[in-house]
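I have placed the structure first, in the form of structure tokens, so that the comments after it can refer back to it.
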Amino acid sequence: MPRRNSLKIYVEGGYYHLYNRGVEKKNIFLDDRDYKVFLYFLKQYLSPPAPMGNFLATTGVTPVRPRPIKTLHDLVDLLAYCLMPNHFHLLVRQKTRDGITKLMNRIGTNYVMYFNKRYERVGHLFQGVYKAVLVKSDEQLLHLSRYIHLNPLKLGTRNFEKSIDYPYSSYEDYLGKRETKWIKTEEILSYFKTRRRTGPVDYLSYQSFVENYKDEFDLTNIILEE
């Protein structure tokens with residue numbers, strides 16, 4: 001019988017929570033370069049057509065046949081993400097029925113090739129095929145974005161300020177501290193009056209929506225099967 005969330009029935013225009021973790025729960029990001037390479041591939045696939053940039057400087061790998069990556073920006077929108085040492089979360093909206101499949105296959109293939117070459121290893125990096133959960137309501141969509149942005153709390157610290165400054169998530173884009181053109185924040189932010197908290201008592205900002213939930217965030221009640 002298929003594992004939970006492994007049987008994928010894709011809906012055109014649907015919102016999905018995509019996630020996967022390392023085989024045997026091993027880390028898939030070992031240092032800053034690994035995170036940056038994964039984000040580099042996301043950027044290349046989710047942006048309009050453009051030159052590849054300095055692939056060697058970013059990945060440490062010289063491509064055999066350097067050529068522009070075929071973009072998928074017209075197939076998938078990325079709303080939010082968080083990369084953790086041994087797993088990742090993506091919140092996406094797919095514009096065509098095969099958008100997610102194409103994106104995840106290409107990201108996975110490129111990153112595994114990079115990782116195996118860098119660390120002189122062979123074999124699988126991820127624990128099976130990525131999981132996909134269809135978002136069925138506005139409430140679920142908003143909670144999922146909050147869940148993804150609170151994920152760094154699982155790194156073994158309750159230091160909430162540290163989790164906010166975590167560099168490998170889209171939270172800073174939501175707070176307006178950073179502008180990443182291939183992250184589509186507008187849809188979720190449209191539910192809120194402001195991005196950032198405007199005072200000590202503020203229930204209308206996205207920041208309050210996320211950070212006021214910290215005392216209720218149950219680290220054992222997570223969507224990823226761990």
Side-chain angles (χ1 to χ4, degrees), residues 8 10 12-22 27-119 121 124-126 129-132 145 148-149 151 166-174 176-188:
K8 303 172 182 64
Y10 292 127
E12 187 171 330
Y15 297 84
Y16 288 85
H17 176 206
L18 310 177
Y19 57 93
N20 208 346
R21 68 183 177 194
N27 285 353
I28 56 176
F29 304 110
L30 303 185
D31 63 13
D32 186 60
R33 174 189 277 185
D34 293 344
Y35 288 103
K36 287 182 177 178
V37 168
F38 194 94
L39 292 173
Y40 171 85
F41 287 126
L42 280 176
K43 175 183 177 180
Q44 292 295 317
Y45 283 117
L46 294 171
S47 300
M52 285 183 67
N54 196 332
F55 184 86
L56 175 60
T58 304
T59 67
V61 176
T62 302
V64 177
R65 292 181 294 166
R67 59 187 184 276
I69 289 177
K70 186 176 180 181
T71 181
L72 303 173
H73 80 287
D74 55 346
L75 305 183
V76 183
D77 283 339
L78 178 61
L79 279 65
Y81 74 87
C82 185
L83 310 183
M84 300 288 284
N86 71 348
H87 65 277
F88 65 82
H89 298 275
L90 308 177
L91 175 55
V92 306
R93 181 176 72 87
Q94 71 163 1
K95 304 174 185 178
T96 63
R97 191 176 294 272
D98 61 351
I100 288 174
T101 301
K102 288 182 177 180
L103 176 66
M104 297 305 290
N105 286 347
R106 294 177 191 182
I107 292 291
T109 298
N110 279 284
Y111 186 73
V112 171
M113 289 176 61
Y114 151 79
F115 192 91
N116 283 355
K117 181 176 179 63
R118 183 182 184 192
Y119 295 107
R121 67 183 297 277
H124 298 290
L125 176 62
F126 296 107
V129 181
Y130 65 92
K131 310 304 185 295
S145 77
I148 289 173
H149 289 144
N151 232 247
Y166 187 71
Y168 310 118
S169 88
S170 54
Y171 191 49
E172 288 193 347
D173 292 281
Y174 275 77
K177 295 182 177 180
R178 182 179 65 202
E179 183 179 1
T180 306
K181 293 183 178 179
W182 44 274
I183 304 296
K184 308 300 182 183
T185 62
E186 300 85 1
E187 196 153 356
I188 288 174

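Computed from a predicted structure; not experimentally measured.
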Approximate separation, where rounding is to 0.5 Å, of Thr96 OG1 and Leu72 CG | 8.5 Å
Heavy-atom nearest pair, Ile28 first then Phe115, reads O-CE1, 3.2 Å
Side-chain heavy-atom pair Pro48, Thr71 within 4.5 angstrom cut-off | no
Basic-acidic side-chain contact under 4.0 Å: Lys177, Glu172 | no
Quick check: does any side chain N or O of Gln94 sit under 3.5 Å from a backbone N or O of Ile100, one acting as donor and the other as acceptor?
-> yes
Any donor-acceptor pair under 3.5 Å from Tyr166 side chain to Tyr171 backbone | no
Check each of Tyr130, Tyr35, Phe38, Tyr40 against Tyr111 using the ring-ring contact (aromatic ring centres under 6.0 Å, His included) test, and report the only one that passes.
-> Phe38
Regarding Tyr19 and Asn151, is there a side-chain donor-to-acceptor distance under 3.5 Å anywhere?
-> no
Check: Tyr174 main-chain N/O paired with Thr185 side-chain donor or acceptor under 3.5 Å | no
Ring pair (Phe, Tyr, Trp, His ring centres under 6.0 Å) against Tyr81, all qualifying residues, sequence neighbours excluded | none
Taking C-beta and beyond as the side chain, do Leu75 and Tyr45 meet within less than 4.5 Å on heavy atoms?
-> no
State which residues pass side chain to side chain donor-acceptor pair (under 3.5 Å) with Thr180; sequence neighbours excluded, sorted by chain then number.
-> Asp173
Short side-chain to backbone donor-acceptor contact, Lys181 and Glu179, under 3.5 Å = no
Validation row: Tyr114, Arg33 side chains within 4.5 angstrom (heavy atoms) = yes
d(Ile107 CD1, Phe88 CZ) to nearest 0.5 Å is 9.0 Å
Compare all side-chain heavy atoms of His149 with those of Ser170 and state whether any distance is below 4.5 angstrom.
-> yes
Closest non-hydrogen atom pair between His17 and His89, with its separation = NE2-ND1, 2.9 Å
Cationic N near anionic O, under 4.0 Å, Asp77 to Lys184 = no
Quick one: does Tyr16's side chain get under 4.5 Å of Leu91's, heavy atoms only?
-> no
Any side-chain donor paired with an acceptor under 3.5 Å for Arg121 and Asn116?
-> yes
Taking the side chain as every heavy atom from C-beta outward, state whether Leu90 and Leu79 have any atom pair closer than 4.5 Å.
-> no
Nearest heavy-atom neighbours spanning Pro49 and His73 = CD-CE1, 3.8 Å
Salt bridge (Lys or Arg N to Asp or Glu O under 4.0 Å) involving Asp74 - partner list, sequence neighbours excluded | none
Worked check of side-chain hydrogen bond (donor to acceptor under 3.5 Å, both in side chains) between Tyr168 and Asp34 | CA-CA 11 Å; Tyr168 310 118; Asp34 293 344; over 6 Å; no
Can you tell if the side chain of Leu39 reaches within under 4.5 Å of the side chain of Trp182, non-hydrogen atoms only?
-> yes
Where do Lys43 and Ser47 come nearest, in terms of heavy atoms and distance?
-> O-OG, 2.6 Å
Closest non-hydrogen atom pair between Val92 and Leu78, with its separation | CG1-CD1, 3.7 Å
With rounding to the nearest 0.5 Å, note down the distance linking CG in Asn20 to NZ in Lys131.
-> 5.0 Å
